[in-house]
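The structure presented is a predicted model; accordingly, all values stated were derived computationally and were not measured. Keep in mind that the numbers below use all heavy atoms, side chains included, and drop hydrogens, waters and symmetry copies. Numbering of ligands and ligand atoms starts at 1, following listing order.
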Amino acid sequence: MEKNCGGLAALVRGTRVFLLDMDGTVYVGDEPVGPMAKTLAAIRASGRRVVYCTNNSSKTAGEYVRKLRALGLYGEGDLVYTSGMATAEYLRRSFAGRRVYLVATDAVRAEFAAAGVPLCAEEEYAGADAAVLAYDTTLTFAKLAKINELIVRGRPYIATHPDDVCPAKGVYPPDVGSFIRLLQCSSGRLPDVVCGKPYTVMGECLTARLGVPAACVTMAGDRPHTDIRFGNNNGFGTLLVLSGETSAEKAAALPASDAPSAVAASLNDVVPYL
Ligand SMILES: [Mg+2]
(Lines give C-alpha, C1' and ligand atoms only; values in the text may rest on other atoms or scores of the structure.)
Protein backbone atom coordinates (compact mmCIF):
# COMPACT_ATOMS: atom_id res chain seq x y z
CA MET A 1 0.00 0.00 0.00
CA GLU A 2 1.32 3.46 -0.89
CA LYS A 3 2.48 5.44 2.13
CA ASN A 4 1.17 8.82 0.95
CA CYS A 5 -2.02 10.81 0.34
CA GLY A 6 -2.42 9.21 -3.09
CA GLY A 7 -2.91 5.95 -1.20
CA LEU A 8 -6.23 7.11 0.23
CA ALA A 9 -8.31 5.78 -2.71
CA ALA A 10 -6.66 2.34 -2.52
CA LEU A 11 -6.95 2.28 1.26
CA VAL A 12 -10.68 3.05 1.22
CA ARG A 13 -11.31 0.58 -1.62
CA GLY A 14 -9.81 -2.28 0.43
CA THR A 15 -11.61 -1.37 3.68
CA ARG A 16 -14.63 -3.34 5.00
CA VAL A 17 -14.41 -2.04 8.59
CA PHE A 18 -13.35 1.41 9.75
CA LEU A 19 -12.00 1.38 13.30
CA LEU A 20 -12.38 4.93 14.49
CA ASP A 21 -10.67 6.75 17.28
CA MET A 22 -13.07 9.25 18.83
CA ASP A 23 -11.57 12.46 20.25
CA GLY A 24 -9.62 14.27 17.52
CA THR A 25 -11.05 12.00 14.80
CA VAL A 26 -14.88 12.13 14.76
CA TYR A 27 -15.26 14.94 17.32
CA VAL A 28 -13.08 17.41 19.17
CA GLY A 29 -14.38 17.95 22.70
CA ASP A 30 -18.15 18.02 22.08
CA GLU A 31 -18.06 19.23 18.47
CA PRO A 32 -18.23 16.82 15.50
CA VAL A 33 -15.39 17.33 12.95
CA GLY A 34 -17.05 19.07 9.95
CA PRO A 35 -19.96 17.14 8.35
CA MET A 36 -19.02 13.94 10.24
CA ALA A 37 -22.60 12.64 10.63
CA LYS A 38 -22.97 12.71 6.82
CA THR A 39 -19.55 11.10 6.32
CA LEU A 40 -20.42 8.23 8.68
CA ALA A 41 -23.80 7.76 6.97
CA ALA A 42 -21.97 7.52 3.62
CA ILE A 43 -19.54 4.94 5.05
CA ARG A 44 -22.46 2.81 6.33
CA ALA A 45 -24.39 3.22 3.05
CA SER A 46 -21.33 1.89 1.16
CA GLY A 47 -21.64 -1.38 3.12
CA ARG A 48 -18.63 -0.68 5.33
CA ARG A 49 -18.89 -1.05 9.09
CA VAL A 50 -18.17 1.68 11.67
CA VAL A 51 -16.49 0.51 14.89
CA TYR A 52 -15.43 3.02 17.52
CA CYS A 53 -12.25 1.97 19.24
CA THR A 54 -11.04 3.70 22.42
CA ASN A 55 -8.38 3.15 25.03
CA ASN A 56 -10.41 4.96 27.69
CA SER A 57 -11.45 2.24 30.15
CA SER A 58 -13.17 4.61 32.60
CA LYS A 59 -16.43 4.42 30.65
CA THR A 60 -18.52 1.51 29.39
CA ALA A 61 -19.50 0.99 25.76
CA GLY A 62 -23.05 2.06 26.71
CA GLU A 63 -21.80 5.39 28.06
CA TYR A 64 -19.96 6.06 24.78
CA VAL A 65 -22.99 5.06 22.70
CA ARG A 66 -25.04 7.69 24.57
CA LYS A 67 -22.43 10.39 23.87
CA LEU A 68 -22.09 9.42 20.19
CA ARG A 69 -25.88 9.33 19.75
CA ALA A 70 -26.20 12.79 21.31
CA LEU A 71 -23.71 14.08 18.70
CA GLY A 72 -25.56 12.31 15.86
CA LEU A 73 -22.57 10.02 15.21
CA TYR A 74 -23.95 6.60 16.18
CA GLY A 75 -25.87 4.60 13.59
CA GLU A 76 -27.42 1.23 12.90
CA GLY A 77 -24.83 -1.57 13.02
CA ASP A 78 -22.12 0.52 14.70
CA LEU A 79 -20.10 -0.88 17.60
CA VAL A 80 -18.11 0.70 20.43
CA TYR A 81 -15.12 -1.30 21.62
CA THR A 82 -13.06 -0.15 24.62
CA SER A 83 -9.75 -1.39 26.02
CA GLY A 84 -11.81 -2.53 29.02
CA MET A 85 -13.90 -4.82 26.78
CA ALA A 86 -10.71 -6.21 25.18
CA THR A 87 -9.28 -6.86 28.66
CA ALA A 88 -12.46 -8.68 29.77
CA GLU A 89 -12.28 -10.80 26.60
CA TYR A 90 -8.60 -11.57 27.24
CA LEU A 91 -9.37 -12.59 30.85
CA ARG A 92 -12.21 -14.85 29.71
CA ARG A 93 -9.86 -16.54 27.25
CA SER A 94 -6.62 -16.74 29.23
CA PHE A 95 -7.84 -16.81 32.86
CA ALA A 96 -11.15 -18.64 32.44
CA GLY A 97 -12.92 -19.05 35.79
CA ARG A 98 -10.08 -17.40 37.74
CA ARG A 99 -11.00 -14.60 40.12
CA VAL A 100 -9.82 -11.09 39.39
CA TYR A 101 -9.17 -8.07 41.58
CA LEU A 102 -10.22 -5.25 39.24
CA VAL A 103 -9.45 -1.60 39.89
CA ALA A 104 -12.13 0.21 37.88
CA THR A 105 -15.22 2.42 38.12
CA ASP A 106 -18.43 0.70 39.30
CA ALA A 107 -19.95 0.84 35.79
CA VAL A 108 -16.87 -0.80 34.24
CA ARG A 109 -16.80 -3.44 37.02
CA ALA A 110 -20.39 -4.29 36.10
CA GLU A 111 -19.39 -4.50 32.41
CA PHE A 112 -16.59 -7.02 33.24
CA ALA A 113 -18.97 -9.07 35.40
CA ALA A 114 -21.57 -9.11 32.60
CA ALA A 115 -18.84 -10.29 30.20
CA GLY A 116 -18.30 -13.35 32.44
CA VAL A 117 -15.21 -12.31 34.44
CA PRO A 118 -15.46 -13.44 38.11
CA LEU A 119 -14.59 -10.40 40.25
CA CYS A 120 -13.40 -10.37 43.87
CA ALA A 121 -15.23 -8.08 46.27
CA GLU A 122 -12.99 -5.41 47.87
CA GLU A 123 -12.70 -7.36 51.16
CA GLU A 124 -11.76 -10.60 49.32
CA TYR A 125 -8.95 -9.05 47.24
CA ALA A 126 -6.23 -11.22 48.83
CA GLY A 127 -7.75 -14.35 47.23
CA ALA A 128 -7.56 -12.96 43.67
CA ASP A 129 -5.76 -14.96 40.96
CA ALA A 130 -4.93 -11.86 38.90
CA ALA A 131 -4.62 -8.09 39.37
CA VAL A 132 -6.21 -5.89 36.71
CA LEU A 133 -5.81 -2.14 36.36
CA ALA A 134 -8.37 -0.09 34.40
CA TYR A 135 -8.80 3.69 34.25
CA ASP A 136 -10.43 4.10 37.65
CA THR A 137 -11.49 7.72 38.02
CA THR A 138 -12.74 6.74 41.51
CA LEU A 139 -9.31 5.42 42.56
CA THR A 140 -8.53 5.45 46.30
CA PHE A 141 -5.42 4.78 48.40
CA ALA A 142 -7.05 1.58 49.69
CA LYS A 143 -7.44 0.21 46.13
CA LEU A 144 -3.86 1.18 45.24
CA ALA A 145 -2.51 -0.58 48.33
CA LYS A 146 -4.50 -3.75 47.51
CA ILE A 147 -3.46 -4.02 43.88
CA ASN A 148 0.14 -3.23 44.86
CA GLU A 149 0.07 -6.10 47.38
CA LEU A 150 -1.15 -8.55 44.71
CA ILE A 151 1.51 -7.37 42.24
CA VAL A 152 4.27 -7.71 44.85
CA ARG A 153 2.98 -11.22 45.68
CA GLY A 154 3.57 -12.18 42.03
CA ARG A 155 -0.02 -12.42 40.70
CA PRO A 156 -0.44 -11.98 36.94
CA TYR A 157 -0.76 -8.21 36.38
CA ILE A 158 -2.79 -6.86 33.45
CA ALA A 159 -3.49 -3.24 32.47
CA THR A 160 -6.14 -2.03 30.04
CA HIS A 161 -4.00 0.53 28.17
CA PRO A 162 -0.76 2.52 28.44
CA ASP A 163 -1.78 6.21 28.00
CA ASP A 164 -0.04 8.55 30.47
CA VAL A 165 -2.70 11.27 30.35
CA CYS A 166 -6.33 11.51 29.24
CA PRO A 167 -7.32 14.25 26.75
CA ALA A 168 -9.61 16.73 28.54
CA LYS A 169 -10.42 20.41 28.70
CA GLY A 170 -7.57 22.30 30.41
CA VAL A 171 -4.76 20.28 32.04
CA TYR A 172 -4.83 16.58 31.06
CA PRO A 173 -5.34 14.35 34.17
CA PRO A 174 -3.23 11.22 34.89
CA ASP A 175 -4.35 8.06 33.05
CA VAL A 176 -3.44 4.37 33.47
CA GLY A 177 0.16 4.85 32.21
CA SER A 178 0.79 7.15 35.18
CA PHE A 179 -0.75 4.62 37.60
CA ILE A 180 1.48 1.93 36.03
CA ARG A 181 4.56 4.02 36.83
CA LEU A 182 3.45 4.64 40.40
CA LEU A 183 2.98 0.87 40.89
CA GLN A 184 6.33 0.17 39.19
CA CYS A 185 7.97 2.41 41.77
CA SER A 186 6.26 0.62 44.71
CA SER A 187 6.31 -2.99 43.42
CA GLY A 188 9.25 -3.12 40.98
CA ARG A 189 6.97 -4.65 38.32
CA LEU A 190 5.46 -3.55 35.04
CA PRO A 191 2.23 -5.18 33.71
CA ASP A 192 2.66 -8.63 32.15
CA VAL A 193 0.10 -7.66 29.49
CA VAL A 194 -1.29 -4.32 28.29
CA CYS A 195 -4.41 -4.85 26.18
CA GLY A 196 -5.30 -1.55 24.44
CA LYS A 197 -3.81 0.48 21.60
CA PRO A 198 -1.03 0.19 20.35
CA TYR A 199 -0.73 -3.49 21.38
CA THR A 200 -2.19 -6.64 19.84
CA VAL A 201 -4.71 -8.03 22.37
CA MET A 202 -7.36 -5.47 21.42
CA GLY A 203 -6.64 -5.98 17.69
CA GLU A 204 -6.99 -9.77 17.97
CA CYS A 205 -10.20 -9.47 20.00
CA LEU A 206 -11.66 -7.06 17.44
CA THR A 207 -10.92 -9.14 14.33
CA ALA A 208 -12.23 -12.27 16.08
CA ARG A 209 -15.43 -10.49 17.11
CA LEU A 210 -15.97 -8.86 13.70
CA GLY A 211 -15.06 -12.00 11.73
CA VAL A 212 -12.94 -10.11 9.20
CA PRO A 213 -9.32 -10.53 8.10
CA ALA A 214 -6.96 -7.84 9.42
CA ALA A 215 -6.21 -6.70 5.84
CA CYS A 216 -9.83 -5.51 5.40
CA VAL A 217 -9.68 -3.28 8.50
CA THR A 218 -8.53 0.35 8.55
CA MET A 219 -7.72 2.17 11.77
CA ALA A 220 -8.30 5.92 11.51
CA GLY A 221 -6.99 8.18 14.26
CA ASP A 222 -5.16 11.38 15.13
CA ARG A 223 -2.37 9.95 17.34
CA PRO A 224 0.52 8.27 15.49
CA HIS A 225 2.06 6.53 18.54
CA THR A 226 -1.23 4.93 19.65
CA ASP A 227 -3.77 4.80 16.77
CA ILE A 228 -1.39 4.34 13.83
CA ARG A 229 1.08 2.09 15.66
CA PHE A 230 -1.90 -0.04 16.79
CA GLY A 231 -3.01 -0.47 13.16
CA ASN A 232 0.53 -1.25 12.00
CA ASN A 233 1.11 -3.75 14.87
CA ASN A 234 -2.09 -5.60 13.93
CA GLY A 235 -1.76 -5.68 10.13
CA PHE A 236 -4.57 -3.13 9.57
CA GLY A 237 -4.52 -0.30 7.06
CA THR A 238 -3.97 3.04 8.77
CA LEU A 239 -5.31 6.54 8.14
CA LEU A 240 -3.78 9.46 10.03
CA VAL A 241 -6.22 12.38 10.28
CA LEU A 242 -4.97 15.90 10.95
CA SER A 243 -8.18 16.99 12.75
CA GLY A 244 -6.72 16.29 16.22
CA GLU A 245 -3.34 16.53 17.87
CA THR A 246 -1.01 15.90 14.87
CA SER A 247 0.15 18.69 12.56
CA ALA A 248 1.08 18.21 8.88
CA GLU A 249 4.74 18.90 9.79
CA LYS A 250 4.72 16.17 12.46
CA ALA A 251 2.92 13.77 10.08
CA ALA A 252 5.69 14.21 7.50
CA ALA A 253 8.42 13.10 9.92
CA LEU A 254 7.13 9.94 11.61
CA PRO A 255 9.21 6.82 12.38
CA ALA A 256 8.31 3.69 10.36
CA SER A 257 6.42 2.17 13.33
CA ASP A 258 4.00 5.12 13.33
CA ALA A 259 3.83 5.84 9.58
CA PRO A 260 0.26 5.56 8.18
CA SER A 261 -0.95 4.05 4.90
CA ALA A 262 -2.46 7.46 4.10
CA VAL A 263 -2.88 10.93 5.59
CA ALA A 264 -6.03 13.09 5.34
CA ALA A 265 -7.06 16.48 6.70
CA SER A 266 -10.01 14.69 8.31
CA LEU A 267 -12.05 11.50 8.01
CA ASN A 268 -14.47 13.46 5.80
CA ASP A 269 -11.88 13.16 2.98
CA VAL A 270 -12.74 9.45 2.48
CA VAL A 271 -16.22 10.20 1.07
CA PRO A 272 -15.25 10.61 -2.63
CA TYR A 273 -13.58 7.17 -2.55
CA LEU A 274 -16.40 5.15 -0.95
MG1 LIG B 1 -7.66 10.78 19.45
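- Remark: the T82 side chain and the T54 side chain contain no N/O donor-acceptor pair separated by less than 3.5 Å.
- Within the coordination shell of the Mg ion (ligand 1), defined by N, O or S atoms under 2.8 Å, D227 is absent.
- At a threshold of 4.5 Å between side-chain heavy atoms, the hydrophobic network of Ile, Leu, Val, Met, Phe, Trp and Tyr places L40 and L8 in one connected group.
- Metal site remark for the Mg ion (ligand 1): D222 contributes an N, O or S atom at a distance under 2.8 Å.
- Distance alone, capped at 3.5 Å, places no donor-acceptor pair between the E149 side chain and the A126 backbone.
- Distances from the Mg ion (ligand 1) to the N/O/S atoms of D23 are shortest for O.
- You'll find the side chain of T87 stays beyond 4.5 Å of the side chain of S57, heavy atoms only.
- For D21, the N, O or S atom with the smallest separation from the Mg ion (ligand 1) is OD2.
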